[in-house]
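All values below come from the heavy atoms of this structure, side chains included, with hydrogens, waters and symmetry mates left out. Throughout, numbering of the chain's residues begins at 1 and tracks the sequence.
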Amino acid sequence: MIKYINNELHIEKVSFSSIAEKYGTAAYVYSKNQIINNLHAYQKALKPADGLICFACKTNSNGQILKLLAKHGAGADTVSGGEIFRALRAGFDPSKIVFAGVGKTAEEIEYALKAKILMFNVESFEELEVINKIAGRLKVKAKIAFRINPNVDPDTHSYIVTGKKGTKFGIPYEEAFEAYLIASKMKNIIPVSIHTHIGSQITDVAPFKLAAKKIKKLADDIENAGIKLEYINCGGGLGIDYSGEDPAPKPKRLMDEIFSIFGKGKKFIFEPGRSIIGNAGHLLAKVIYRKISGDKNFLITDAAMNDLIRPTLYEAYHDIVPVKKTNAKKVKTDVVGPICESGDFMGKDRMLPVLDQGELLLVKCAGAYGAAMSSEYNSRPLLPEILVDGNKAALIRKRATYESLLLNEI
Ligand SMILES: *Cc1c(COP(=O)(O)O)cnc(C)c1O
């Protein structure tokens, strides 16, 4: 939902330059209708079966965005007590909240049980015992799935591979059947689902299929042992097209494959994050200075690695485009921030037009793991977030201030 109109880049019907004028730069800008369309694509694809599309809140936990998704029928995939808190505040029905993570603390487990969330995606035997104990004390039954590590290796950055042997995630495939038998005998535990999440930014359905086939076999064994699995949870992980040259499968393509493996008689949970919010949000930045060092051209912008750490952390590629279309000559450019680290870059060796000081740039598709992973490193206040709907732009998070940097200091 971004395009040039009269040589000016717009998001929906609002120009980025008008947003910069009103809210300053750098800033995160989201398209409301892109978010809704992305969610609807999943919901529509789920139609042949029953179940839930649980938005992975860790990708973007802005309250207004969560509220929008809750209002449109999404559930929430959470990974901390704080995320459950945010999801409840945003209006998610607790019976649509699932809770994953390898290190749920006793406090978080108690909080989740009291909130009456749908289920825990349990990642270890020790965690299972703690849930059982706390549920007993609270006199409630805890519904669980085990997160299974199916030992498949998707082709993605090693930091975001999670379903391979030797990663910290889930219960090893070989131990999973036994785990269900143990859980089914525990007094305060009800196993209701089986879960897997193999990684993130996966642009090929093959590893999802491979994982689903393994999970199907396990699920059959578990059900044959008399344990009914109401839900099949296939996690998230569907990639998006960051470069404009690497199209990712549509949700329907993925889900049709999953349905053909499991049949449609089950309830399904999917936990998309990136593929709901990734291409709906962008980082708007301004050129502060230009310089040439060695044979390199640099654009130094007011956005930096504290605002968007993906390029630094995962060597992730984000397309970068000028907000005003120009015929200026293109030169090989590094787009960098003001932070005192060589890893502080948004993009390297990009063919970009020679821009002037003060001109605007857009770092595209930064809606997922962008603002959510930002920090105040170098004492840079967190960026504002703006949600655009048609010809209206609304501030959904204020720009932090110098004063707010000191908020919790004593
Ligand atoms: C991160 C995560 C997701 C979302 O992954 P995306 O690649 O953003 O879709 C889903 N489920 C779990 C358990 C996760 O940790």
Taking the side chain as C-beta and beyond, is there a heavy-atom pair between Asp344 and Pro338 under 4.5 Å? yes

Whether the side chain of Asp241 engages the backbone of Glu245 through a donor-acceptor N/O pair (distance < 3.5 Å, no angle test) should be reported. yes

Assess the side chains of Asn60 and Tyr30: does a donor N or O sit below 3.5 Å from an acceptor N or O? yes

Do the side-chain N and O atoms of Asn38 and Asn279 include a donor-acceptor pair separated by under 3.5 angstrom? yes

In this structure, CG of Leu118 is separated from CD1 of Ile144 (nearest 0.5 Å) by 12.0 Å

Quick one: which of Lys296, Arg350, Lys348, Arg290 gives a salt bridge (charged side-chain N to carboxylate O under 4.0 Å, His left out) with Asp334? Lys296

I want to check something: taking the side chain as every heavy atom from C-beta on, are Arg147 and His195 in contact at a cut-off of under 4.5 Å? yes

Can you check side chain to side chain contact (heavy atoms under 4.5 Å, CB included) on Leu360 and Ser17, steps first, answer last? CA-CA 7 Å; Leu360 299 171; Ser17 24; 4.0 Å; yes

Return yes if some donor-acceptor pair links the side-chain N/O of Arg310 with the main-chain N/O of Tyr369 below 3.5 Å, else return no. no

Under 3.5 Å donor-acceptor, Ser193 side chain and Tyr231 backbone: yes

Within 6.0 angstrom of Glu315 CD, more than 12 heavy atoms from elsewhere: no

Does the side chain of Gln43 come under 3.5 Å of the side chain of His72 through a donor N or O and an acceptor N or O? no

Salt-bridge criterion met for Lys168 and Glu123 (N-O under 4.0 Å): no

Quick one: ring pair (Phe, Tyr, Trp, His ring centres under 6.0 Å) partners of Phe146, sequence neighbours excluded? Tyr180

How about Arg89: does its CZ atom have over 12 heavy atoms from other parts shown lying under 6.0 Å from it? no

Lys/Arg-Asp/Glu bridge criterion (N-O < 4.0 Å) met for Lys114, Glu110: yes

Atom NZ of Lys214 with >12 non-hydrogen neighbours under 6.0 angstrom: yes

Just checking, is any N or O donor in the side chain of Arg380 or Asn306 under 3.5 Å from an acceptor N or O on the other one? yes

Any chance the side chains of Gln201 and Tyr314 put a donor and an acceptor closer than 3.5 Å? no

Check step by step if salt bridge (Lys or Arg N to Asp or Glu O under 4.0 Å) holds for Lys286 and Glu359. CA-CA 6 Å; Lys286 189 172 72 186; Glu359 283 204 74; over 6 Å; no

Should the pair Phe270 and Phe259 be assigned to parallel (<30°), tilted (30 to 60°) or perpendicular (>60°) ring geometry? perpendicular

Is it the case that over 12 heavy atoms from other parts of the model lie below 6.0 angstrom from the NZ atom of Lys141? yes

Does any pair with a residue in residues 91-104 pass side chain to side chain donor-acceptor pair (under 3.5 Å), and if so which ones, sequence neighbours excluded? Asp93-Ser95, Lys104-Glu127

